[in-house]
Q: 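The structure is given below, and queries will be raised subsequently.
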Amino acid sequence: MKKLLVICLLGLAIFGYLGKNVETTQIVQNVYAGYTAGSDSALQNAIDNKQSNLQIGGSGYVVKILSDDLKGSRHQRFILKIASGNTLLVAHNIDLAPRIDNLNVGDTVEFFGVYEFNNKGGVIHWTHHDPRGQHQGGWLKHNGSVYQ
């Protein structure tokens, strides 16, 4: 009887462990749920309509790497060209998220963050988690690695 009880408890423990892995997989999938192929058109719509403060995703290729902004919170900065031909400044907070090392002109970067319009195309920021948990987190993806 004790062996049966131990086997049942072990089975429940394994089932619980497998269930947590499914939940972890779902969490990872949800991180990318904010970015879909349709997000590129949503981004273009925001640019065309001069909208700001939008949580949005997209992708582009690096056309220029700028020096880090070291005033206040430190930000890695680079310019992406998106499919429409518009450019975006990416301001990635490297005090809250890892820097993208080995970033080069011509590399593709996917992003999910807050878009702010300006007359040069706009800025993407908030490409990191919120340590206070009050804002939807963003991310950057480069060469298969996610920076958040």
Side-chain angles (χ1 to χ4, degrees), residues 9-148:
L9 289 174
L10 184 60
L12 286 172
I14 291 171
F15 181 76
Y17 174 77
L18 293 175
K20 287 187 188 288
N21 280 347
V22 170
E23 290 170 13
T24 301
T25 301
Q26 186 62 45
I27 289 167
V28 171
Q29 289 171 345
N30 288 342
V31 166
Y32 299 103
Y35 172 70
T36 63
S39 295
D40 286 337
S41 62
L43 175 59
Q44 188 58 49
N45 186 54
I47 294 168
D48 292 343
N49 293 302
K50 301 178 180 178
Q51 296 175 302
S52 289
N53 199 29
L54 298 174
Q55 189 85 29
I56 202 156
S59 65
Y61 66 91
V62 178
V63 293
K64 188 167 187 176
I65 298 173
L66 305 171
S67 61
D68 290 350
D69 177 0
L70 303 176
K71 296 176 184 165
S73 298
R74 299 174 309 137
H75 287 78
Q76 181 179 19
R77 301 178 311 151
F78 53 93
I79 297 175
L80 291 179
K81 183 171 271 194
I82 60 175
S84 67
N86 289 336
T87 57
L88 299 172
L89 170 64
V90 176
H92 180 59
N93 188 319
I94 53 176
D95 286 334
L96 295 175
R99 151 189 294 290
I100 301 177
D101 290 325
N102 304 316
L103 184 67
N104 296 298
V105 170
D107 288 356
T108 299
V109 176
E110 293 177 52
F111 58 86
F112 185 66
V114 174
Y115 171 76
E116 304 291 344
F117 175 81
N118 68 28
N119 61 2
K120 293 183 179 181
V123 177
I124 296 291
H125 66 103
W126 208 278
T127 56
H128 54 81
H129 71 286
D130 179 4
R132 296 182 189 150
Q134 298 174 345
H135 189 283
Q136 183 174 4
W139 47 264
L140 297 175
K141 186 174 181 182
H142 173 256
N143 288 341
S145 295
V146 177
Y147 301 83
Q148 58 186 14

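When reading the values below, keep in mind they use all heavy atoms of this one structure, side chains included, and skip hydrogens, waters and symmetry mates. All values reported here derive from a predicted model rather than from experimental measurement.
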Q: Enter the distance from Ser73:OG to His125:NE2 here, rounded to the nearest 0.5 Å.
A: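 Going from the OG atom of Ser73 to the NE2 atom of His125 covers 12.0 Å.
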Q: Mind checking the NZ-OG1 spacing from Lys81 to Thr87? Nearest 0.5 Å is all I need.
A: 7.5 Å
Q: Quick one: closest heavy-atom pair of His135 and Asp130, and the distance?
A: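 Between these two residues, the closest heavy atoms are N-OD2, 2.7 Å.
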Q: Going by heavy atoms in the side chains, are Glu110 and Trp139 under 4.5 Å from each other?
A: yes
Q: With a 4.5 Å limit on heavy-atom distance, are the side chains of Gln44 and Asn86 in contact?
A: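 A side-chain contact under 4.5 Å exists here.
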Q: For a side chain to side chain contact (heavy atoms under 4.5 Å, CB included) with Leu103, tell me which candidate from Val90, Asn143, Val62, Leu140 qualifies.
A: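 Output: one option passes, namely Val62.
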Q: Surrounding CG of Asn102 (heavy atoms of other residues, nucleotides or ligands, distance under 6.0 Å), is the total greater than 12?
A: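 Incorrect, the count does not exceed 12.
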Q: Test: salt bridge (Lys or Arg N to Asp or Glu O under 4.0 Å). Region: residues 48-63. Which pairs qualify, not counting sequence neighbours?
A: none
Q: To the nearest 0.5 angstrom, please state how far the CG atom of Asn45 sits from the OG atom of Ser84.
A: 11.5 Å
Q: Could you tell me which non-hydrogen atom of Tyr61 sits nearest to which non-hydrogen atom of Gly106, and how far apart they are?
A: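 The pair with the smallest heavy-atom distance is CB-O, 4.0 Å.
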Q: Looking at every heavy atom in both Gln148 and His129, which two are closest together, and how far apart are they?
A: O-ND1, 2.8 Å
Q: Evaluate the side-chain proximity of Ile65 to Gln76: yes if any heavy-atom separation is below 4.5 Å, no if none is.
A: no
Q: Asn53: what forms a side-chain contact (heavy atoms from CB on, under 4.5 Å) with it, not counting sequence neighbours?
A: Val114, Glu116
Q: For Ala91, does its backbone N or O pair with a side-chain atom of Arg77 as donor and acceptor, under 3.5 Å?
A: no
Q: Pick one: which of Val63, Asn118, Ile82, Ile79 meets side chain to side chain contact (heavy atoms under 4.5 Å, CB included) with Leu88?
A: Ile82
Q: Got a second to check how far Phe111's CZ is from Ile56's CD1, nearest 0.5 Å?
A: 7.5 Å
Q: Got Pro131 and Leu96 here, is their nearest side-chain heavy-atom distance under 4.5 Å?
A: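 Yes. Closest side-chain heavy atoms under 4.5 Å.
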Q: Heavy atoms only: give me the nearest Asp107-His142 pair and the separation to one decimal.
A: OD2-NE2, 2.8 Å
Q: Decide yes or no on side-chain contact (heavy atoms from CB on, under 4.5 Å) for Leu66 and Leu89, but give the supporting numbers first.
A: CA-CA 9 Å; Leu66 305 171; Leu89 170 64; 3.6 Å; yes
Q: Which atom pair, heavy atoms only, marks the closest approach of Ile47 to Gly121?
A: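 Residues Ile47 and Gly121, closest heavy atoms: CG1-O, 3.8 Å.
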Q: For Asp95, what residues pass the salt bridge (Lys or Arg N to Asp or Glu O under 4.0 Å) criterion, not counting sequence neighbours?
A: Arg74
Q: With no hydrogens and no angle check, is any side-chain donor or acceptor of Ser52 less than 3.5 Å from a backbone partner on Phe117?
A: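 Yes; at least one donor-acceptor contact below 3.5 Å.
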Q: For the residue pair Tyr147 and His92, categorise the inter-ring angle as parallel (less than 30°), tilted (30 to 60°) or perpendicular (more than 60°).
A: perpendicular
